[in-house]
Amino acid sequence: MQNIDSYVEKNKDRFINELIELLKIPSVSADSAFKKDVLKTADEVKKSLEKAGCDHVEICETEGYPIVYGEKIIDKNLPTVLVYGHYDVQPADPIELWTSPPFEPVIKKTELHPEGAIYARGACDDKGQMYMHVKAMEFMTSTNQLPCNVKFMIEGEEEVGSVNLGKFVKENHEKLKNDVILISDTGMISKETPSITTGLRGLSYVEVEVTGPNRDLHSGLYGGAVANPINVLTKMIAALHDENNHITIPGFYDKVENLSDEERAQMAKAPFSLEDYKKALDIDDVYGEKGYTTNERNSIRPTLDVNGIWGGYIGEGAKTVIASKAFAKISMRLVPHQDWEEITQLFKKHFESLAPKGVKVLVKPHHGGQGYVTPIDSIGYQAASKAYEETFGKTPIPQRSGGSIPIVSLFEQELKSKTILMGFGLDSDAIHSPNEHFGIWNYLKGIATIPLFYKHFTELSKK
């Protein structure tokens with residue numbers, strides 16, 4: 001493909017400004033207070049796909065937030081690439097920890113990003129990475145270099161479990177028919193070392209509720225005589241790990257894939273500095289399951305983490321009270337072969353068994369999804385590798401990610417095609433955290449690399 005670099009350089013200011021405008025819209029799918037903003041974002045994504053050269057774009061209504069679908073079919077005999085992304089974002093809380101307002105994007109230069117990084121909720125996850133594909137499409141259509149067919153499916157519920165996307169996929173096999181699925185909702189090792197994500201962990205997300213007395217009680221009159229739900233909950237949570245940080249749920253590890261020493265040795269070749277890792281997080285030491293490295297703990301091993309815990313009085317000053325209820329939100333990241341629904345039931349049974357007689361326990365499953373592994377010998381992976389080689393000057397490293405995109409396994413089940421995960425974010429981008437950002441260099445590099453995937457995938461498909 002010709003003139004990619006010059007096209008990106010010529011239009012980079014416009015590319016940046018367009019993304020900034022999209023980031024100003026607080027499309028928080030988890031909070032109904034932002035419903036109008038989520039719907040407005042869907043409209044903006046539709047307009048951007050039309051401007052990028054799609055011949056047909058529509059907003060597909062669901063029982064929740066809509067899916068934006070677009071396509072450009074140039075020849076039905078050519079391969080078809082289906083691009084998936086999402087336009088919704090995580091809540092920005094805690095707001096007070098942001099150095100600039102989360103929905104007032106600003107560009108800041110840092111040691112890692114001397115060219116600047118855009119600070120805003122959704123900058124990397126996933127508006128910035130989704131928009132790279134829109135701009136890559138614009139380049140290919142405006143320069144008449146689109147080598148194959150392309151379809152876009154951009155949803156607005158990824159951050160709340162893609163509740164309605166599964167139904168949409170199952171009901172639209174023909175509309176979504178493709179030869180490969182392309183997603184940028186992951187990261188790479190570093191700006192100097194590109195990588196392609198070949199595995200994702202699954203997810204089981206639950207909320208637990210522990211109820212003691214039928215009302216809040218005076219801690220002096222009742223303390224020591226009745227079960228305190230907060231005390232009980234913390235003990236139950238603590239019992240979910242043993243002294244080696246091994247999860248204690250019976251049957252939890254039964255289907256966990258144990259990688260060979262050779263595979264673990266290959267993973268260990270990826271550049272990684274433990275000291276830099278600790279420094280970046282301002283921690284004295286790492287923590288996790290005994291017998292595994294940091295990179296193994298956050299990618300090929302399952303985990304269980306408390307994402308939130310509350311109950312009782314948390315206002316200013318003191319209130320001597322034994323709360324009637326205590327709550328926690330818990331997520332389990334799962335590895336391939338672990339079934340999220342089975343794990344949810346194992347958790348429920350075990351957690352209920354930990355409760356003393358003085359309390360009642362309710363486990364509410366929220367959402368989940370299966371893990372995913374993509375082969376590195378597919379033409380999709382080879383095409384992605386060749387694309388990175390051209391723009392980065394080196395072969396990317398295959399890498400398993402600790403994150404989850406639950407819908408990916410469903411794509412393969414329903415659409416019978418493999419997914420290629422071409423992420424351009426970095427671990428330091430603070431996704432889901434205050435001060436999320438996306439490097440301008442990474443953003444523009446993604447726009448320059450993606451068209452080359454189309455080129456190589458089309459060429460390899462003809463062989």
Side-chain angles (χ1 to χ4, degrees), residues 1 4 49 52-58 60 67-86 129-130 132-141 144-155 162 165-166 168-186 196-200 370 372-390 396 398 405 407-424 446-447 449-463:
M1 285 190 170
I4 296 180
L49 288 174
C54 285
D55 292 330
H56 171 72
V57 186
E58 61 180 308
C60 304
I67 293 162
V68 184
Y69 174 82
E71 65 178 27
K72 188 173 183 66
I73 309 300
I74 59 175
D75 186 339
K76 292 186 177 180
N77 295 316
L78 289 171
T80 298
V81 176
L82 172 63
V83 176
Y84 164 81
H86 64 93
Q129 297 212 72
M130 175 271 290
M132 295 184 308
H133 289 272
V134 178
K135 296 296 98 179
M137 175 71 171
E138 176 195 308
F139 162 76
M140 290 184 289
T141 57
N144 197 31
Q145 294 187 80
L146 180 64
C148 61
N149 306 311
V150 60
K151 297 176 180 179
F152 288 87
M153 179 172 60
I154 314 298
E155 68 154 322
S162 300
L165 185 64
F168 179 80
V169 171
K170 290 177 181 179
E171 294 176 349
N172 289 278
H173 284 186
E174 188 60 33
K175 178 193 285 282
L176 302 174
K177 187 177 180 181
N178 66 84
D179 296 283
V180 69
I181 299 169
L182 188 59
I183 300 176
S184 294
D185 195 10
T186 52
I196 300 173
T197 300
T198 56
L200 295 165
Q370 313 294 36
Y372 182 78
V373 175
T374 188
I376 63 174
D377 59 354
S378 69
I379 62 172
Y381 182 89
Q382 294 169 25
S385 182
K386 288 178 179 292
Y388 280 101
E389 286 171 24
E390 284 193 46
I405 309 178
I407 201 68
V408 171
S409 59
L410 181 70
F411 287 162
E412 182 161 336
Q413 176 184 325
E414 294 294 329
L415 302 178
K416 312 302 180 187
S417 51
K418 296 294 182 183
T419 294
I420 304 301
L421 299 157
M422 293 181 66
F424 293 85
I447 297 172
T449 305
I450 290 166
L452 296 169
F453 171 84
Y454 285 78
K455 169 180 177 286
H456 291 298
F457 185 76
T458 303
E459 292 173 351
L460 290 169
S461 297
K462 294 177 180 177
K463 293 182 179 180

Asks: For a 4.5 angstrom cut-off between non-hydrogen side-chain atoms, does Asn178 reach Tyr84?
Replies: no
Asks: With under 30° as parallel and over 60° as perpendicular, where do the rings of Tyr388 and Phe424 fit, or are they tilted in between?
Replies: parallel
Asks: In plain terms, say whether Lys386 and Glu389 are close enough for a salt bridge, that is, a side-chain N and a carboxylate O under 4.0 Å apart.
Replies: no
Asks: Please find the pair of heavy atoms, one from Leu421 and one from Ile405, that lie closest to each other, and give the distance.
Replies: CD2-CD1, 4.1 Å
Asks: Would you give the length of the straight line joining atom NZ of Lys462 to atom CD1 of Ile379, rounded to the nearest 0.5 angstrom?
Replies: 12.0 Å
Asks: List the atom of Pro375, the atom of Tyr381, and the distance in Å for their closest heavy-atom pair.
Replies: O-CB, 3.8 Å
Asks: Would a 4.5 Å heavy-atom cut-off, applied to side chains only, mark Leu415 and His173 as touching?
Replies: yes
Asks: Check whether any side-chain heavy atom of Asn172 lies under 4.5 Å from a side-chain heavy atom of Tyr69, and answer yes or no.
Replies: no
Asks: Which atom names give the shortest non-hydrogen contact between Cys54 and Met137, and what distance separates them?
Replies: SG-CE, 4.0 Å
Asks: How long is the span from the OG1 atom in Thr80 to the CD atom in Glu71, to the nearest 0.5 Å?
Replies: 9.0 Å
Asks: Does one side chain, of His456 or Gln382, offer a donor that lies under 3.5 Å from an acceptor on the other?
Replies: no
Asks: Hey, is the main chain of Leu78 close enough, under 3.5 Å, to the side chain of Asn149 for a donor-acceptor pair?
Replies: yes
Asks: Using a 3.5 Å distance criterion without hydrogens, assess whether the side chain of Gln145 forms a donor-acceptor pair with backbone atoms of Phe139.
Replies: no
Asks: Treating Ser461 as the side-chain partner and Phe457 as the backbone partner, does any N or O pair qualify as donor plus acceptor under 3.5 Å?
Replies: yes
Asks: In the structure I gave you, are the side-chain heavy atoms of Val169 and Met153 within less than 4.5 Å of one another anywhere?
Replies: yes
Asks: Please report the C-alpha distance between Lys170 and Leu410 in whole Å, then the side-chain angles of each, then the deciding distance to 0.1 Å, and finally whether the side-chain contact (heavy atoms from CB on, under 4.5 Å) criterion is met.
Replies: CA-CA 9 Å; Lys170 290 177 181 179; Leu410 181 70; 4.0 Å; yes
Asks: Minimum heavy-atom separation for Gln370 and Ser409, please, with both atom names.
Replies: CB-OG, 3.4 Å
Asks: Can you name the one residue among Val57, Thr141, Leu49 that meets side chain to side chain contact (heavy atoms under 4.5 Å, CB included) with Lys72?
Replies: Thr141
Asks: Taking atom OG1 of Thr419 and atom CG of Asp185, what is their separation to the nearest 0.5 Å?
Replies: 12.0 Å
Asks: Determine the minimum heavy-atom distance between Lys151 and Leu176, stating which atoms define it.
Replies: NZ-C, 3.9 Å
Asks: Got a second to check how far Glu390's CD is from Ile4's CD1, nearest 0.5 Å?
Replies: 7.5 Å
Asks: Minimum heavy-atom separation for Asp179 and Pro79, please, with both atom names.
Replies: OD2-CA, 3.3 Å
Asks: Evaluate the side-chain proximity of Lys175 to Glu58: yes if any heavy-atom separation is below 4.5 Å, no if none is.
Replies: yes
Asks: Can you measure from CG (Leu182) to OH (Tyr454) and round to the nearest 0.5 angstrom?
Replies: 6.0 Å
Asks: Going from CD1 on Ile420 to CD1 on Ile376, what distance comes out if it is rounded to the nearest 0.5 angstrom?
Replies: 11.0 Å
